[in-house]
Amino acid sequence: MNTHSLTPGHRRVSAVIIGAGQAGLAMSHCLCANGIDHVVLERGEVANSWRRERWDSLRLLTPNWQSRLPGFGYSGSDPDGYMSMPEVVDFVSGYARTLDAPIHTHTTVTRVSPVEGGYRVATDRGEWQCRALVLATGAFNRPVVPKVADAIPQVGSVKVRSITSHAYRNPGQLGKGGVLVVGAAATGLQIADELQRSGRQVILAAGEHVRMPRTYRDRDILYWMHATGMLDECHDQVEDLRRARRLPSAQLIGTPARETLDFNTLVSRGVQVVGRLAGVDGNRLQFSGSLANAVKLADLKQGRLLQRIDDFIEERGLAGEVGAADRPEPTRLPDPPRLDLDLRSGEIDTVLWATGYRPDYSWLDLPVLDAKGQLQHSGGVVTNAPGLYVMGLPFLRRRKSSFLFGTEDDARDISEHLVAHLGCARTGLCSALA
Amino acid sequence: MNTYTKIVDNGVNVPALLDAREALSQAPEAAQFRWRATCNWINGTHCQSQVEQFFGLGEDQCHKRCFTFDADHPEIFAAEDQGATPVEYVLVGLASCLTAGVASVAQHRNIQLNMVKVCIEGDMDIQGILGIDPDVRNGYRGIRVLFEVDADATHEEIEAVVAQSQKRSAVYDIITNPTPVEVVVRG
């Protein structure tokens, strides 16, 4: 890895990659392999989001043996474990050191605009012009907070602090009172669990969610999802891609004990599960009465997933090598479900929003976003912008696209498209730039 | 993989609905609908509502004919029982919406329905509406819906159809989530 200091002015290069996380680095590896001269621009350090924008206790949801990038794999002693954030940073940084491409850290892109035959990339440390541009800035730049948040009163006797999962690091940041965690994907469940264990009463507001056990029939659930080919399902194979792309992340946690984290686990630890936060009426938060159906949908979906795994085991004759088929207990719900919470009661002093993230494209001065601000692309090839590519979004090309190990196939496919776009011009080897 | 094509007909034109979905996703303004009803007081708690016009696809629309609904209260409420109570119409709305959804989702999933029967009941403590106890709400404390479905599918597949129907139901959403209601009196 070379960290160049750049003098102001503008420089030409065949390709620019924005972002030195796993996606940008994997793409750099593939461009090097194809002899495409390029630079990687990074606003902070390598693996910046993993360093600075995750809570302290987070571990990867994928087991170590699955941590793989093009030309690089896990070599530690705990293949079944799940990396902590410092370990992820070490892993991605170690990968960066194997690459020849110039990585310009502490270089923030301020604007991307079209020029004849390519793009102009303005940064706080000079300007670049390129014929191909790869956006590898990640999907989790900005927390999304629903509109209902604006209706929460902050006057009189009501003093409720709002914090997003993006800003959350550990329970010590919060008051000693109860916490309403809004959102029941992996983030919401993990934080709800941590806060409840810290001695705070947690209420978890849950809409549609994806339930799955950590392990099934003696293997990690992701082992089976990989083995059955589910994670390799392509963007042009699924019936409703828009829905697949906005599906919440599965309720998983990576712990040394490989434990399953679902509503039943949380309820047994004292968490109250309520319906989606649907409205605010004065000082009263209102929870949807649809929790039962959200839970039913998730239980049924989990059943279909496990059945598919059972069928696979049967077809391959693996039944003798793995544990017996079973089904997790259906989700137990409070009866009747709680429908409201009076903020004046003092029951909670914090609302924690774990309601998802979206990418930040505010610096992208190109007509490539739809009415809802989403980048229009087909499998990472941005629509109506020749030479522009995106990496690392949910279900970008495959179901595994948002996983660390999903980067490999995407980088290979997209780099092929990019190379073809450049007319296969071998404009010099990476090493010539290094 | 099935090597034959199963002919499933629940009487739902799924291709037309999917075409509409695709067209409206390109033209969200045409997806803005406004549903209407009018209601006239007759006598006592008896009133008569009519449904005929609505707005959608960018213009005024009309049902094939005007539908009329009488609402009243049973004799034990000292009324004349000229029609179902308004709260029963809510049950009718929910049951009809979920059942229509089941037919549509089943058609889309290539599941032939042979029989669908819904029993719906809502529990209410009328101390609320009578103003006896301010801690009792006026509306339903809870609603239970029992689906009996005979279809060419497994029990899990039928459960999934019924769950998906709830997920896409307008009336289910209206009942389970708050909706702002504005009532004005013409001056």
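Lettering of chains follows the sequences in order, A, B, ..., and the numbering in each one begins at 1.
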[atom1] of [X]: more than 12 outside heavy atoms within 6.0 angstrom?
| X | atom1 | result |
| --- | --- | --- |
| B:E80 | CD | no |
| A:E239 | CD | no |
| A:E314 | CD | no |
| A:D236 | CG | yes |
| B:H73 | NE2 | yes |

If we define contacts as heavy-atom pairs under 4.5 Å, which of B:T179, B:I175, B:T176 has the most with chain A?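 Heavy-atom pairs under 4.5 Å are most numerous for B:T176.
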
Kindly determine whether A:R304 and B:E157 satisfy side-chain contact (heavy atoms from CB on, under 4.5 Å), including the steps that lead there. CA-CA 10 Å; A:R304 292 193 296 273; B:E157 286 167 339; over 6 Å; no

Is it the case that the side chain of A:N293 and the backbone of B:A163 share a donor-acceptor pair, with hydrogens and angles ignored and the cut-off at 3.5 Å?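 Judged by distance alone, yes, a pair lies under 3.5 Å.
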
Between atom [atom1] of [X] and atom [atom2] of [Y], what is the distance when rounded to the nearest 0.5 Å?
| X | Y | atom1 | atom2 | value |
| --- | --- | --- | --- | --- |
| A:D299 | B:E156 | CG | CD | 12.0 Å |
| B:I158 | A:L300 | CD1 | CG | 12.0 Å |
| A:R276 | B:N177 | CZ | CG | 4.5 Å |
| A:K296 | B:Q164 | NZ | CD | 14.5 Å |

Salt-bridge criterion met for A:E208 and B:K167 (N-O under 4.0 Å):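 Result for this pair is yes, salt bridge flagged.
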
Salt-bridge criterion met for B:R137 and A:D340 (N-O under 4.0 Å):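 No, no charged N to carboxylate O under 4.0 Å.
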
Determine the minimum heavy-atom distance between B:P178 and A:A278, stating which atoms define it.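 Taking every non-hydrogen atom into account, CD-CB, 3.5 Å.
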
Could you look at B:S25 and say if it's the side chain, the backbone, both or neither that has a heavy atom under 4.5 Å from chain A?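 It is the side chain, since no backbone atom gets that close.
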
